[in-house]
Each structure stands twice: as structure tokens, then as C-alpha cells.
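Scroll down for the structure; my scribbles are underneath it.
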Amino acid sequence: MAVLSSAPVGGGPGEVEWVLNIGVGSDYDRTDLSDHAGEVAAELDLRGTGVAMFTAVDLSRRQRCISGGVVVDATVGISHPTWAAGTPASETPAVGGTINLVVQLPVGLDPGAAVNAVITATEAKAQALASRGVPGTGTATDAITIVWPTDAAAERFAGPRSPWGNRVAQAVYQAVWAGAQPRG
């Protein structure tokens, strides 16, 4: 699969064989993330190159939403939401909550469309949070991974008004909206 990701391990553009969303405790303080991801991948007998994201969200709360062939898996932790253009980083604690998104498309993406898919997914995430009344556009540690088949014909567009971008937006919105539901 081709990938474009903001994950702390394997992030950037490339090709991968696997994607992990690794559950960690809320007191997680390891800084050797590549080593930790390698340990988990080895335990799961995963081979080759991959992407690893980390979250303190209970992975059993993962939300899966599908829209026209686009599959989104989201873990939504919003205990400490932040505004993208809010308080300067030097004044903001670097803890609390993570929204991790894995977006799988059945079609290829050219490089510009892949970047646009990330933007579209991020906009849909922020829209879902706003609709839930969350005071922020995400959290300080959010990550997104977009994957698509390397051998598929490449789409040129993935903005919210393109067919595939709209499917990305719908699936991300639904997954984040469901994951941000208040817990009673």
C-alpha cells in the first residue's frame, strides 16, 4: 500500500505493509517510539515497513465508518482538546487526548490528491468536533494515515467536493462524531 502519514513512526510518504495504532497508558513516557513499534510489530509477526501511531484511548472504542468504499478507523480521545491557532506551544501542556485516523481508499492517489485527502480528513475531523461542541480542532498529538493500493489508477483530486474526497470526509466525520460522543 502507498501511504501518506503524520505518524511518529513511519510518517511521511512511502509504501507500507502494515499500519498499527498502538494502545498505551495515559502515563506513557517512552521516547524510543521506533523501538516500541518494532517490538509490537515483532509480537504480531509483522514483516516489512509500517506506520505506527500511539494512543491512550481504549482501542475497543475504535470507530469504523465506511463511505462508498472508503474505510476509516478512528480512535478519538478528546480529554484535552486544543485549537490549531490557540495558545502558543510554550504555554500549552503536551499531554492529553489523541485522535488517530486511518483512512483506506480503494483507488490510487497522485501526490497532490494524497495531500488533499489529509486536508479533507482534517477538516472533517474539526467539523465533527464542532458539531459535538468540543472546544478545539483536535488535540496536540493527533495523527493521520492515508493508505491506498500502489497498483491502482491514481485519482487527481481528493478535496471535499471531489467524489473520493467527499467519501473521505463523510467517513471521517461519522467516525469522529461517533467517537466524540459524551460518555455517561
Side-chain angles (χ1 to χ4, degrees), residues 1-67 69-82 89 93-111 113-115 117-122 124-125 138-152 154 158 167-168 171-172 174-176 178-180 183:
M1 301 292 283
V3 66
L4 181 59
S5 178
S6 68
V9 176
E15 291 186 21
V16 296
E17 285 75 37
W18 48 265
V19 174
L20 289 173
N21 194 9
I22 300 171
V24 298
S26 60
D27 60 347
Y28 185 75
D29 63 356
R30 286 183 69 166
T31 57
D32 61 338
L33 301 180
S34 292
D35 291 343
H36 186 187
E39 294 163 11
V40 173
E43 289 172 15
L44 297 171
D45 200 30
L46 299 175
R47 307 268 186 239
T49 305
V51 167
M53 300 177 286
F54 299 83
T55 183
V57 173
D58 178 353
L59 294 175
S60 70
R61 290 184 38 210
R62 173 187 56 93
Q63 300 295 319
R64 173 170 274 194
C65 292
I66 301 170
S67 179
V70 173
V71 178
V72 171
D73 290 295
T75 50
V76 182
I78 52 174
S79 57
H80 294 87
T82 62
V95 297
T98 297
I99 300 171
N100 285 340
L101 301 171
V102 178
V103 179
Q104 302 172 64
L105 287 100
V107 297
L109 297 173
D110 76 11
V115 172
V118 170
I119 294 167
T120 298
T122 303
K125 173 189 76 170
T139 78
T141 56
D142 293 355
I144 184 168
T145 298
I146 309 281
V147 296
W148 62 93
T150 56
D151 59 354
R167 293 170 185 145
V168 167
V172 168
Q174 293 168 18
V176 173
R183 304 279 176 214

Please report the interatomic distance OG1(Thr55) to CG(Asn100), rounded to the nearest 0.5 Å.
5.0 Å
Nearest heavy atoms of Ala37 and Ala52, plus distance in Å:
CB-CB, 3.5 Å
Name the orientation class of the two ring planes belonging to His36 and Phe54 (parallel below 30°, tilted from 30 to 60°, perpendicular beyond 60°).
tilted
Before giving the answer on side-chain contact (heavy atoms from CB on, under 4.5 Å), spell out for Leu20 and Leu46 the whole-Å C-alpha distance, their side-chain angles and the decisive distance to 0.1 Å.
CA-CA 10 Å; Leu20 289 173; Leu46 299 175; 3.8 Å; yes
Derivation of the side-chain contact (heavy atoms from CB on, under 4.5 Å) call for Val76 and Val57
CA-CA 7 Å; Val76 182; Val57 173; over 6 Å; no
Would Val19 and Asp73 count as a side-chain contact (heavy atoms from CB on, under 4.5 Å) here? Give the steps.
CA-CA 11 Å; Val19 174; Asp73 290 295; over 6 Å; no
The residue among Leu59, Val102, Leu101 that forms side-chain contact (heavy atoms from CB on, under 4.5 Å) with Thr75 is Leu59
Partners of Pro111 by side chain to side chain contact (heavy atoms under 4.5 Å, CB included), sequence neighbours excluded?
none
Here the pair of heavy atoms bringing Ile78 nearest to Pro81 is O-CD, 3.2 Å
Show the nearest heavy-atom pair for residues Glu17 and Arg47, with the distance to one decimal.
CB-O, 3.7 Å
Once rounded to the nearest 0.5 Å, what's the spacing between atom OG1 of Thr120 and atom CD1 of Ile144?
9.0 Å
Side chain Gln104, main chain Val147, donor-acceptor under 3.5 Å
no
Closest contact, heavy atoms only, Ser5 versus Val3:
CB-CG2, 4.0 Å
Are Thr141 and Thr98 close enough that a side-chain donor and a side-chain acceptor fall under 3.5 Å?
yes
How close do Ala152 and Gly108 get, heavy atom to heavy atom, and via which atoms?
CB-N, 3.4 Å
At what distance, to the nearest 0.5 angstrom, does CG of Leu109 lie from OG1 of Thr150?
12.0 Å
Can you give me the closest heavy-atom contact between Trp18 and Ala41, atom names plus distance?
CZ2-CB, 3.8 Å
Can you tell me how far the OG1 atom of Thr139 sits from the CD1 atom of Ile99, to the nearest 0.5 Å?
5.5 Å
